[in-house]
Structure formats: structure tokens, C-alpha cells
Amino acid sequence: MAQQHGIIVLFDVENALRTRSLDGNTYWFDNMKFLGSTGVGTEHLETIVPGTYFLDGSQATEQVLNWLPAALGSIPPTVPRNYLAEQGRAEERRTLDELAALNTEGGVNEADVKRLQEQVGTYAEDPGGRGFTAAKVLDVTGKATSSSDAYNYPAPVITDITGQAVAEKIIYPAQYGSPDMVYDGWYWAATVDTSRPGVYPYTLHVQLHELVKRNGELVWESVDLTCESSLKIITDPKRNGFTGAGLGVLPLPPVPAPAG
Amino acid sequence: MPPRARQPQRRPARPVTITAVVDPVAALASENLDDNLYLYDTNRAAGSTGFGTPGLRSLVRKGDTLLWNVLPLECETYVSLTGIEIDPQIAEPVRKVYPGTDIAFWTAEVKQDITEPVPYRLSFLLGTVSTPFTPTARPTLAGPAPEGR
């Protein structure tokens with residue numbers, strides 16, 4: 001199987017929306033610190049990409065990169081796919097049940113109705129962003145809310161990857177559909193040409209979403225911003241993460257260790 | 001018609017979220033969580049520091065709601081926050097789950113204004129190892145700098 005680099009970008013969406021800039025509001029990670037990536041966890045990640053051969057000279061597959069965006073202070077991407085939509089529906093069913101229960105008891109208390117109104121929450125319209133579905137507004141703990149101060153920021157959406165690494169044909173990025181359970185069906189990936197070592201910057205184009213009130217309605221407004229990172233392509237051989245060498249037998253014990 | 005008097009109610013607002021980014025594979029391989037734990041919060045504009053280290057210093061005030069959650073760098077390896085040890089006079093974190101899932105977060109209210117920084121301890125379960133990992137470095141909660149300093 002091809003070895004894949006995951007490049008995770010954590011966005012401080014609240015700060016980014018306030019300053020209308022991603023400067024200082026992104027934190028980058030990859031899982032290749034052991035191969036020599038630097039700046040992991042900061043704004044200045046340099047992702048290492050070794051050559052496409054192993055220590056013994058045998059051919060390795062070309063390097064694949066995957067970009068995965070996440071919003072700081074939001075419901076984490078580890079919840080099931082479609083969680084926001086499912087949770088919105090679950091809240092509605094619960095409210096309908098409670099509404100029915102109110103009816104049967106005859107007298108309806110105004111405070112109860114008000115409480116249910118709040119529980120119903122709000123739907124926000126999407127006036128034409130990309131790759132983004134209109135849905136019920138949830139807060140950061142998964143409950144319905146109608147407050148524009150408490151809503152959960154949707155995951156940022158990558159809309160393009162450009163820059164020197166792309167212009168010089170070092171990477172060939174594209175967006176793919178995916179049955180991935182973690183990210184919402186779409187992701188950006190690229191393969192890397194490792195024949196020309198060097199440091200190549202690239203630009204990530206990102207769309208954030210802000211909930212704003214327009215004509216009395218809550219709508220998602222898209223905000224397009226960019227941020228930069230870079231790849232460092234080296235001629236060292238690829239290493240197997242388990243053995244430090246090439247392909248071959250993994251260092252597993254021949255029999256399971258006896259239960260202690 | 002005269003404008004209606006504004007209700008003096010507390011508007012719902014986002015909690016101060018403290019997110020632990022964990023590289024579980026590297027932590028398990030090296031048996032060292034300190035080098036593979038990156039803490040962030042949503043209060044940088046208020047003056048939090050130590051971003052991207054296990055020694056995050058979060059700036060908080062009395063009455064703030066805090067929320068701790070986890071972002072694993074590898075979605076196929078289990079990571080969870082299993083405990084938060086902190087002076088109960090400052091905060092008493094409780095474990096909750098996102099409704100309809102078994103994915104946990106912890107939440108607490110800051111009970112008093114903080115004068116001296118309060119260190120606390122986070123514990124994580126990684127992979128199938130049954131003993132929790134606790135980083136040596138401690139994150140802290142801190143109050144705003146006192147007047148006149």
C-alpha cells in the first residue's frame with residue numbers, strides 16, 4: 001500500500017473571521033516528524049517528502065499527500081459523518097414528542113412553549129457557498145441553538161491548492177470524493193514528483209463560514225482566505241515506519257506474547 | 001411605539017475550548033506523550049500563550065465555561081481524554097459526550113478569578129494500552145495580569 005502523508009490544518013476560525021486573515025490563525029501538522037518534517041503544530045510546517053525508492057534500491061510508490069482541515073473550538077471531526085445533520089433531526093424529533101405531550105395535558109404553559117421554541121433552534125440558509133450544506137444551527141456541544149454567538153463553526157472547506165509547488169509541477173493536487181468516515185465526503189490529495197529536490201511553497205485556498213443575520217434570517221456567509229505551507233523534497237530513501245528499512249517482514253513476534 | 005427595554009439576560013456564547021491535538025502513533029511508538037501533544041485554545045486574542053506545546057497557558061475569567069476536547073492526528077487510532085485533575089476550588093470538570101455518540105469532551109465553569117496560575121493535569125488513553133498517558137509538562141489556567149503591572 002502506498003504510504004500517505006496526512007497534512008492536517010487546524011484553523012482558529014473565530015480569530016480568522018474577526019481579522020479576515022489566516023495570518024497567525026492556522027496550525028499545521030503532518031505525521032512525518034520521524035522522517036524530518038519541521039514546524040509541526042505551528043504556522044510554519046515544512047513537510048518532508050523522501051524519494052520514491054527504498055534503502056535497497058527497490059522502487060517505492062510515489063508519495064501521496066492528503067489535506068484535512070479542522071476548526072478549532074468546534075465539534076471535532078471524530079464524530080460520525082453527517083453528525084450535524086443527524087443531530088439536527090434528532091433534536092427535532094425530541095421537540096415534536098415534547099410538543100405532543102404538551103397537547104394531551106390540556107392547558108399549555110407559555111413558558112413551555114417558549115422553551116420548545118428555543119429547543120427547535122434555527123435553520124441557516126446557504127446563499128451559494130461551495131461544498132457546504134444548509135443545516136440546523138448547532139452549538140459546540142451538539143445542541144440546537146439560535147444564537148449567532150454560540151454556533152459551531154463548520155469545518156473549513158479547501159477550494160484550491162496553488163503556488164510554486166503546483167506551477168512547477170512538483171505536486172498534482174485535485175479534489176476527490178471519498179467514503180471516508182471522518183471528513184465529509186470530499187478531500188484534496190496530490191501526488192509528488194520527487195525527482196527535483198528542493199523546498200517548494202504552496203498556497204491553500206480556504207473557505208470559512210460565518211453565520212450572519214440578513215433581512216431577519218440567519219444565513220451562512222462564505223469568507224475566502226488563503227494560507228501558505230511548503231514541501232521539502234529530499235533524495236533520501238523512503239523508510240518503513242516499523243523497521244526503518246524498506247519493504248519486508250514486519251518485526252512482529254512469531255507467536256503472541258503470553259498473557260501476563 | 002417606544003423601543004422595548006432590553007432583557008438583561010445572559011446571551012449564550014461559545015465556551016473557551018481547549019483542544020488537545022495528539023499524534024497517537026508517535027506517542028505509542030516512543031512511549032512519550034509530551035513530544036506528541038499539542039495544546040491550543042480559542043482565547044489567544046485574550047492573551048493565552050504556549051500554543052502548540054503541552055504547557056498551554058489559558059487565560060480565563062470567573063464565570064467562563066471551559067471545554068476540553070481531543071483531535072487525533074490519526075483517525076484510525078483510539079485517543080480519549082480520560083481525566084482532568086485540577087484544584088476543585090477553581091473548577092470541577094465533568095465528562096460529557098456529544099449527543100448520540102460516545103465521543104467525550106469535558107466541561108467546567110471557572111469558579112473564581114485566578115490570581116496565581118493554576119497548573120492542572122490531563123490524562124489520555126491511547127490505542128489499546130490500558131494505563132493512561134499523562135504528560136510531564138502541565139497546562140495552566142491563568143487570570144488576566146493584575147492592574148499596574
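Just so you know, these numbers come straight off a predicted model, no measurement behind them. Protein chains get the first letters and strands the later ones, always in sequence-line order, with residue 1 at the start of each.
When every heavy atom of A:K33 is checked against every heavy atom of B:D35, the shortest pair comes out as NZ-O, 2.8 Å. Closest of all the heavy-atom pairs between A:I8 and B:P72 is CD1-O, 4.4 Å.
Only the side chain of B:L67 comes within contact range of chain A, with heavy atoms under 4.5 Å apart. In this structure, no portion of A:V13 lies under 4.5 Å from any heavy atom of chain B. With a threshold of 4.5 angstrom between heavy atoms, A:D139 does not approach chain B through any atom at all. Looking at B:A45, the atoms closer than 4.5 Å to chain A (heavy atoms on both sides) sit in the backbone and in the side chain alike. Contacts between B:D102 and chain A at a heavy-atom distance below 4.5 Å are absent for every atom of the residue.
Distance CD1/B:I103 to CD1/A:I75: 10.5 Å, rounded to 0.5 Å. Taken to the nearest 0.5 Å, the CG atom of A:L138 stands 12.0 Å off from the OH atom of B:Y98.
Counting heavy-atom pairs closer than 4.5 Å to chain B, the top residue among A:T42, A:D12, A:N15 is A:N15. Ranked by heavy-atom pairs under 4.5 Å with chain B, the first of A:G73, A:G6, A:G142 is A:G73.
The local environment of CZ in A:R94 is crowded, with over 12 non-hydrogen atoms from other residues, nucleotides or ligands closer than 6.0 Å. Summarising the local packing, NZ of B:K62 is surrounded by 12 or fewer heavy atoms from other residues, nucleotides or ligands at distances under 6.0 Å.
Within the 3.5 Å criterion, the main-chain N or O of A:N152 finds no donor-acceptor partner in the side chain of B:R14. Checked by atom type and distance alone, the side chain of B:K96 never pairs as donor or acceptor with a backbone atom of A:T141 at under 3.5 Å. A distance-only check finds a donor-acceptor pair linking the side chain of B:Y40 to the backbone of A:G41 [under 3.5 Å].
When the heavy atoms of residues 18-27 of chain A are compared with those of chain B, the residues falling under 4.5 Å are A:R18, A:G24, A:N25, A:Y27, listed by number.
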Before giving the answer on side chain to side chain contact (heavy atoms under 4.5 Å, CB included), spell out for A:L72 and B:T42 the whole-Å C-alpha distance, their side-chain angles and the decisive distance to 0.1 Å. CA-CA 7 Å; A:L72 178 65; B:T42 53; 4.0 Å; yes
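Residues B:V70 and A:P76 form no side-chain contact, since every pair of their non-hydrogen atoms from C-beta on lies 4.5 Å or further apart.
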